[in-house]
Amino acid sequence: MIFNRETRDSAAAIPAPLLAWYDQNKREMAWRDAHNSYYTWVSEIMLQQTRVEAVRAYFDRFIAALPTLRDLAACDEETLLKLWEGLGYYNRARNLQKAAKLVVERHGGELPRDYEQLLALPGIGEYTAGAIASIAYGIPAPCVDGNVMRVLSRVTANCADITLPAVKRDYQALARELIPAGRAGDFNQALMELGALVCLPNGLPLCGGCPLAELCAAHRAGCELDYPVKPPKPERRIEEKTVCVLVCGELVYLQKRPEGGLLAGLWEFWNRPGHLSRDELCRELERDGLAVRSMHTLKKAKHIFTHIEWRMQGYLAYAEQPIPLPGGEWISLPQLREGHALPGALRAYSADLERWVQSP
DNA sequence: AAGACGGGGGG
DNA sequence: CCCCCAGTCTT
């Protein structure tokens, strides 16, 4: 256990000032205080690895399209992915629907009011199970995310590596001890809200407005920036790609990515590994049986994922005929906009496509 | 235990 | 341009 008795005793002073601060400073969120466990669940899945401000619009649109858990369970995957388009980590959406189907089959369409049963559902790990249990049902389960570990590591000036599973367990144990009777959901959200609004990463915590400043060991020692402790990040590999926006009249060529791996199941433009010259690209397209009427070079684009960097050379080609190519389809633009989810990585080229269609 | 899996914000 | 953020599932 990384927290000794003395540290845990002084941490007991956290809840009262934290809850008082939360009651005055919590942000409005459409999914808060709605007393709807489906809203809580959808929002918590969206909030994994994602900031509140980015989630708001996605949440509103998602709930408008799929107002109940049964609607989610019944919707088709294209609709689901379109609602998730641009949010990232697309397996979150797939698992959300898998779990919704299980809840309809096994739990009569209502999320179980039980931490272990929540944890057993796809896409719900320890954090999310704790969040739903405490926020939607008032169950005194801890919910420890990166915000919580940043706040608690600073308050306790703890230098254990927060990426280690054993260390996370100790933070969960500490957080569990601190939950005040009857206010589990508020306390958990208060810890995260403080991390998001005051106890900021990037080396600029706003300790002047922090309700915990006086009892924060890191602040009193003037070393807030030393916490939390994490190992150095791994290197990123670089992949060069050639992306060709293929157009024929009102049609554009799209292919569906494989069901597993990066950007699984999303749509993309014709592409090849490596940076191809105009001539190489023309030859490659002609090898697939496609006659090219004209070819335009688009700007290079870069997209950075967590562990991969795409360096893309773009082209836009007008095809003589919408010849079927292996693995893809010719789609009309309205059809693309309504029902085909493209990854954010290709945003530069889908914007080019929209521009060229308006003024070729 | 380590790697895969997106996208956004700030300096 | 660089940096940072960090839940869940798979292997």
Side-chain angles (χ1 to χ4, degrees), chain A residues 41-58 81 83-99 118-132 141-154 161-169 171-172 175 188 191-192 195-197 199-206 224-239 257-268 300-311 341-348 350:
Chain A
W41 176 37
V42 170
S43 68
E44 287 301 338
I45 299 298
M46 288 185 171
L47 286 163
Q48 291 169 6
Q49 320 286 310
T50 311
R51 287 175 163 76
V52 167
E53 295 311 319
V55 164
R56 294 185 190 279
Y58 280 94
L81 285 176
L83 289 165
W84 213 268
E85 179 182 35
L87 202 48
Y89 287 115
Y90 298 92
N91 275 332
R92 291 186 294 175
R94 270 182 257 278
N95 284 332
L96 190 65
Q97 188 179 37
K98 262 189 222 165
L118 289 167
L119 190 59
L121 293 168
I124 298 184
E126 290 179 329
Y127 161 77
T128 308
I132 297 171
C143 103
V144 171
D145 71 347
N147 289 307
V148 172
M149 285 196 283
R150 186 169 59 255
V151 171
L152 293 180
S153 68
R154 285 174 175 164
D161 175 355
I162 64 161
T163 67
L164 298 174
V167 170
K168 186 180 176 187
R169 273 194 286 283
Y171 276 93
Q172 288 168 333
N188 286 340
L191 228 30
M192 295 188 281
L197 297 180
C199 196
L200 302 175
N202 296 323
L204 34 89
L206 309 175
E224 302 90 339
L225 305 188
D226 293 345
Y227 308 95
V229 172
K230 280 171 292 185
K233 63 256 168 205
E235 76 298 346
R236 192 150 42 218
R237 77 169 181 273
I238 293 170
E239 290 183 7
R257 293 181 59 86
E259 291 306 325
L262 185 67
L263 304 171
L266 272 68
W267 295 83
E268 63 180 1
K300 283 191 163 68
K302 182 158 75 172
H303 188 84
I304 298 174
F305 302 96
T306 302
H307 56 294
I308 307 171
E309 175 175 331
W310 280 0
R311 293 184 182 170
L342 267 63
L346 297 175
R347 195 164 295 153
S350 48

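Throughout, a chain's letter reflects where its sequence line sits, starting with A, and its residues are numbered from 1.
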Visitor: Indicate, with a heavy-atom threshold strictly under 4.0 Å, whether A:T128 touches base, sugar-phosphate, or nothing.
Guide: sugar-phosphate
Visitor: Describe the nucleic acid contact of A:E126 in one word from base, sugar-phosphate, nothing, applying a heavy-atom distance below 4.0 Å.
Guide: sugar-phosphate
Visitor: May I ask you to verify if any side-chain N or O of A:K168 is less than 4.0 angstrom from the OP1 or OP2 atom of C:dG7?
Guide: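 No, because none of the side-chain N or O atoms of A:K168 sits under 4.0 Å from OP1 or OP2 of C:dG7.
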Visitor: Which of these passes side chain to side chain donor-acceptor pair (under 3.5 Å) with A:Y127: A:Q48, A:K168, A:E44, A:Q172?
Guide: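 So the option named by the test is A:E44.
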Visitor: Regarding A:Y127, tell me which of base, sugar-phosphate or nothing describes its non-hydrogen contacts under 4.0 Å with the strands shown.
Guide: sugar-phosphate
Visitor: Closer to the 5' end of DNA chain C via nearest nucleotide, is it A:L47 or A:K98?
Guide: A:L47
Visitor: Provide the distance between the two P atoms, one in C:dC3 and one in B:dG6, to the nearest whole Å.
Guide: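 It works out to 22 Å between them.
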Visitor: What's the closest nucleotide to the side chain of A:N95 if the choices are C:dC9, B:dG7, C:dA6?
Guide: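 Of C:dC9, B:dG7, C:dA6, C:dC9 is nearest to the side chain of A:N95.
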Visitor: Given B:dG7, C:dC1, C:dG7, which nucleotide is nearest the side-chain atoms of A:K302?
Guide: C:dC1
Visitor: Using the P atom as the reference point in each nucleotide, state the distance between B:dG8 and C:dC9 in Å, no decimals.
Guide: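 Their P atoms lie roughly 23 Å apart.
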Visitor: Assess whether one donor atom and one acceptor atom, taken from the side chain of A:T306 and the base of B:dG6, lie less than 3.5 Å apart.
Guide: yes
Visitor: Would you call A:R237 and A:E235 a salt bridge, using N to O less than 4.0 angstrom?
Guide: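 So A:R237 does not pair with A:E235 through a salt bridge.
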Visitor: For B:dG7, take OP1 and OP2 only and decide whether either is under 4.0 Å from a side-chain N or O of A:Y90.
Guide: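 Yes, because at least one side-chain N or O of A:Y90 sits under 4.0 Å from OP1 or OP2 of B:dG7.
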Visitor: Under 4.5 Å between any side-chain heavy atoms of A:D226 and A:R154, yes or no?
Guide: no
Visitor: When the nearest nucleotide of DNA chain B is assigned to A:H307 and to A:R347 on a heavy-atom basis, which residue is associated with the more 5' position?
Guide: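 Nearest-nucleotide comparison on DNA chain B picks A:H307.
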Visitor: Could a donor-acceptor pair under 3.5 angstrom be found where the side chain of A:Q49 meets the base of B:dG6?
Guide: no
Visitor: Does B:dG6 have a Watson-Crick or wobble mate here (both distances under 3.5 Å), and if so which one?
Guide: none
